[in-house]
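Here is the naming used below: chain letters follow the sequence lines, and residue numbers restart at 1 for every chain.
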2 protein chains.
Amino acid sequence: MPASRASVRKIAEPTVRRLSHYLRYLEAFERAGRGTVSSGELAHSGGTTSAQVRKDLSFFGSFGKRGLGYDTHELVAKLRQILGLDRAWRLVIVGAGKIGSALARHPGFRGRGFEVVGIFDADPNRVGHVLGGVAVWDVKVLESEIRHLRADIAVLAVPPEEAQTIATRLGRAGVHAILDFSTAPLEVPAGVTVRSVDLALELEVLSHALVSR
Amino acid sequence: MPASRASVRKIAEPTVRRLSHYLRYLEAFERAGRGTVSSGELAHSGGTTSAQVRKDLSFFGSFGKRGLGYDTHELVAKLRQILGLDRAWRLVIVGAGKIGSALARHPGFRGRGFEVVGIFDADPNRVGHVLGGVAVWDVKVLESEIRHLRADIAVLAVPPEEAQTIATRLGRAGVHAILDFSTAPLEVPAGVTVRSVDLALELEVLSHALVSR
DNA sequence: CCTAGATTGTGAAGGTTTTCACAAGCTCGT
DNA sequence: ACGAGCTTGTGAAAACCTTCACAATCTAGG
Ligand SMILES: NC(=O)c1ccc[n+]([C@@H]2O[C@H](COP(=O)([O-])OP(=O)(O)OC[C@H]3O[C@@H](n4cnc5c(N)ncnc54)[C@H](O)[C@@H]3O)[C@@H](O)[C@H]2O)c1
Ligand SMILES: NC(=O)c1ccc[n+]([C@@H]2O[C@H](COP(=O)([O-])OP(=O)(O)OC[C@H]3O[C@@H](n4cnc5c(N)ncnc54)[C@H](O)[C@@H]3O)[C@@H](O)[C@H]2O)c1
C-alpha cells in the first residue's frame, strides 16, 4: 500500500510556479471587477494554454463552472490557500550588503504576505542601523533572535564562502525555508527547502540563447 | 528534408542550467590542479547522476576518455564555447534603483565575462552618478547610446509599470537578451530572449513547500 | 603484451509533464 | 422550456526528460 499523506499530494514545481502566476492575473482581474475568468483568459496572460491551466487546477478539485469559467474571488482564495498565502510569513534577511539591503528596503513583499521581521549582519558598522523599518542585528545572536522572532523563511545574502555556515545555523534555529543568493550549492538537513537565485547562471542561460540562435 | 541549422540543435533548458553548474565545478577542479575529472565527480558536486552528466555532454560530441574521464582544461574550454562564454558580453542596466545599483556595484559579473558598459535611469537626480565605475545615463538616450555601446544583454530593473515600454525600446535598439526583475510578463518581438527573476514568486514557491510538507 | 579495473557513450526503458480532443454541463436568449 | 454557444474536466496520446544497463574503450601494472 503506497504511503499517503493527509495533505495535498506531490505537485510538480512548474505547476506551483504557474499557480503563482495565475494568482497574479486573477488579482488583476479582481481589481478590474471581473466576476468570472475563463481558463483561456488566464492562459493568455501567462503565456500558456487553456488546457494547461485546467490541468493545473484539476489537481486540487474542480471549482470552475462549465460554460462560464472560474469565480474570481473563489479561485483567488483557493490559490492563496494552496500556496500557503492565506497567512503572513515571517522573513529574516541574513547579510545586509548590496542585495540584502535592496530586499530589506523593498516595500512590495509585505503586500504579498511576506514580512521582514529581522536583519542580521556580521559587520559592526552595519549592526544597529535600520533598513526598511527593521533593525540590523549582530549575526552572533542569529539562533536566539530567530526563535524569538518566530521566523519562517530566511533570505541568505552573505558572501558565498559564508553561505554554508549560515545555512547550517539557520537549519538548527528551526528555519525550514531558505532563499539563497550565493552561488555555491548548500547542504541542508532534510526538511529544509532551499531555492537558489543564481544571477550569474541566469546570465549564462541568456548567453547560451544568444549564441544558439 | 527537415530544416537543419548550421549550429547546435535545440537543447533543453534544464540541460543548459546543468552545463553552467558543471562549468563552475570544473573551474574549481582546474584551480585545484586536477588534470581529469570523471562524470561521477561532476555529478556529485552538482547533485545529479553520472549518467545525466554524460548524457548532457554527449549532446555536443564525445570528449571524454574511457577509463579516465574528461580532460579538465579541454572540457572547460568546450563548455565555455557551448555556453557562449568564450567571449565577453556587454551588459547595460536600465533602472539604477535598489536592485539595479546592487547589480551595478557587484564585481563578480566581470570575472565571468559579463561587463557592465552602461546604466540608464529616468530620475535626473541619479543621472550623471557613477556606479561600479560606470556612469548613469538619462534613459532618453537609451536607443542611441545602446547602439553606440554595442550592448548585447540588458538588465531591466525599473518599476513594473515601466517594464514593457523599456523592453520594447530595448528590442528596437537591437538588444536580443533581457534579464527582467519586474513581475509583469513582457511581450517581446521574436528573436529576443527574456528571463525573469521574480523574487516574490520564489518566496511563494517556498511558502508552498512550507505548507505541503 | 596481456589482464584487471575504471569510465565513457548510448540505445532502450521508464517516468513525468504537456497537449489533444471531446463528452458533459452550465448559461442565456428566446 | 429548449437549443445554441461556451467552457470545464479528464482520459488518452504525444512530447520530453531522466535513469538504466552494458558493450566499447581506455589506463596502468606486471
Ligand atoms: N550584488 C549582486 O548583484 C550579486 C549578484 C550575484 C550574486 N550575488 C551574491 O549574493 C550574495 C550577497 O551579495 P552582495 O552583493 O549583497 O554582497 P555584499 O558584500 O554587498 O554583502 C554581504 C554582506 O554580508 C555580510 N556578512 C559577511 N559575513 C557574514 C556572516 N557570516 N553573517 C552575516 N553577515 C555576513 C557582510 O558584512 C555584508 O554586509 C553573495 O553571495 C554574492 O555572490 C550578488
Ligand atoms: N528591490 C527589491 O528587492 C525587489 C524585489 C522584487 C522585485 N523587484 C522589482 O525590481 C524592479 C526594480 O526594483 P527596485 O527595488 O530596484 O526599484 P526602485 O524604485 O528602487 O528603482 C527603480 C529605478 O528605476 C528608475 N526608473 C523609473 N522609470 C524609469 C524608466 N522609464 N527608465 C529608466 N529608469 C526608470 C527609477 O528612477 C529608479 O531609480 C521593480 O520592478 C520591482 O518590482 C525589486
Side-chain angles (χ1 to χ4, degrees), chain A residues 2-3 8-22 25-26 29 34-76 78-79 82 205 208-209 212, chain B residues 2-3 8-22 25-26 29 34-79 82 205 208 212:
Chain A
V8 184
R9 221 52 58 94
K10 210 204 97 198
I11 290 132
E13 187 186 306
T15 304
V16 175
R17 301 182 78 87
R18 285 192 300 267
L19 292 178
S20 281
H21 270 128
Y22 303 157
Y25 301 124
L26 276 167
F29 280 120
R34 294 284 308 275
T36 62
V37 181
S38 73
S39 57
E41 290 170 303
L42 273 180
H44 188 73
S45 349
T48 179
T49 69
S50 65
Q52 180 80 77
V53 171
R54 294 198 300 276
K55 209 27 147 211
D56 287 341
L57 296 178
S58 76
F59 233 117
F60 306 95
S62 53
F63 15 82
K65 281 225 183 5
R66 296 175 186 219
L68 244 198
Y70 300 87
D71 181 280
T72 314
H73 300 304
E74 197 186 315
L75 192 52
V76 163
K78 192 74 195 172
L79 286 179
I82 292 167
V205 174
H208 171 77
S212 62
Chain B
V8 183
R9 220 54 57 94
K10 210 201 99 199
I11 290 132
E13 187 186 305
T15 304
V16 176
R17 302 183 78 88
R18 284 193 300 267
L19 293 177
S20 281
H21 271 128
Y22 303 157
Y25 299 125
L26 276 168
F29 279 119
R34 295 285 308 276
T36 63
V37 181
S38 74
S39 58
E41 290 171 303
L42 272 181
H44 188 73
S45 350
T48 179
T49 68
S50 64
Q52 180 78 80
V53 171
R54 295 198 299 278
K55 200 49 139 197
D56 287 341
L57 296 178
S58 77
F59 232 116
F60 305 94
S62 54
F63 16 82
K65 279 225 184 6
R66 296 176 187 218
L68 244 199
Y70 301 87
D71 180 281
T72 314
H73 299 304
E74 197 186 315
L75 191 52
V76 163
K78 192 73 194 174
L79 286 179
I82 292 167
V205 174
H208 173 260
S212 62

Chi angles and distances behind the side chain to side chain contact (heavy atoms under 4.5 Å, CB included) call for Leu79(A), Leu57(A): CA-CA 9 Å; Leu79(A) 286 179; Leu57(A) 296 178; 4.1 Å; yes

task: Hey, which sits more toward the 5' end of DNA chain D by its nearest nucleotide, Gly61(A) or Lys55(B)?
output: Gly61(A)

When the distance from [atom1] of [X] to [atom2] of [N] is rounded to whole Å, what number comes out?
X        : N       : atom1 : atom2 : result
Arg18(B) : dC17(D) : CZ    : C1'   : 8 Å
Leu19(A) : dT18(C) : CG    : P     : 11 Å
Glu74(A) : dT8(D)  : CD    : P     : 13 Å
Asp56(B) : dC16(D) : CG    : C1'   : 14 Å
Phe63(B) : dT10(C) : CZ    : C1'   : 14 Å
Gln52(B) : dC16(D) : CD    : P     : 16 Å
Arg17(B) : dC16(D) : CZ    : C1'   : 18 Å
Ile11(B) : dT18(D) : CD1   : P     : 13 Å

Just how far is it from atom [atom1] of [X] to atom [atom2] of [Y], taken to the nearest 0.5 Å?
X        : Y         : atom1 : atom2 : result
Tyr22(B) : Leu42(B)  : OH    : CG    : 7.5 Å
Thr36(A) : Glu41(A)  : OG1   : CD    : 7.5 Å
Lys10(B) : Ser212(A) : NZ    : OG    : 11.0 Å
Tyr70(A) : Arg54(A)  : OH    : CZ    : 6.5 Å

task: Return the nearest nucleotide to the side chain of Tyr70(B); candidates are dT19(D), dT18(C), dG9(C).
output: dG9(C)

statement: 5' to 3', nucleotides 22-30 of chain D under a 4.0 Å protein heavy-atom cut-off (B base, S sugar-phosphate only, - none) gives -BBBBS---

Non-hydrogen side-chain atoms of [X] and [Y] separated by less than 4.5 Å:
X        : Y        : answer
Leu19(B) : Ile82(B) : yes
Phe29(A) : Val76(A) : no
Phe59(A) : Lys55(A) : no

message: Has Ser39(A) got a side-chain atom pairing as donor or acceptor with Val53(A)'s backbone, closer than 3.5 angstrom?
response: no

message: Would the distance check show the side chain of Thr48(B) and the main-chain N or O of Ala43(B) forming a donor-acceptor pair, the cut-off being under 3.5 Å?
response: no

- prompt: For DNA chain C, which residues in residues 39-49 of chain A have a heavy atom at a distance below 4.0 Å?
  reply: Thr49(A)

message: Run Ser20(A) and Arg17(A) through side chain to side chain contact (heavy atoms under 4.5 Å, CB included) and show every step you take.
response: CA-CA 5 Å; Ser20(A) 281; Arg17(A) 301 182 78 87; 5.7 Å; no

task: Would you kindly compare Ala12(A) and Ser58(B) by the position of their nearest DNA chain C nucleotide and give the one closer to the 5′ end?
output: Ser58(B)

- line: Computed from five pairs at either end and rounded to 10 degrees, the angle between the axes of the helix from dC1(C)-dG30(D) to dT30(C)-dA1(D) is 10°

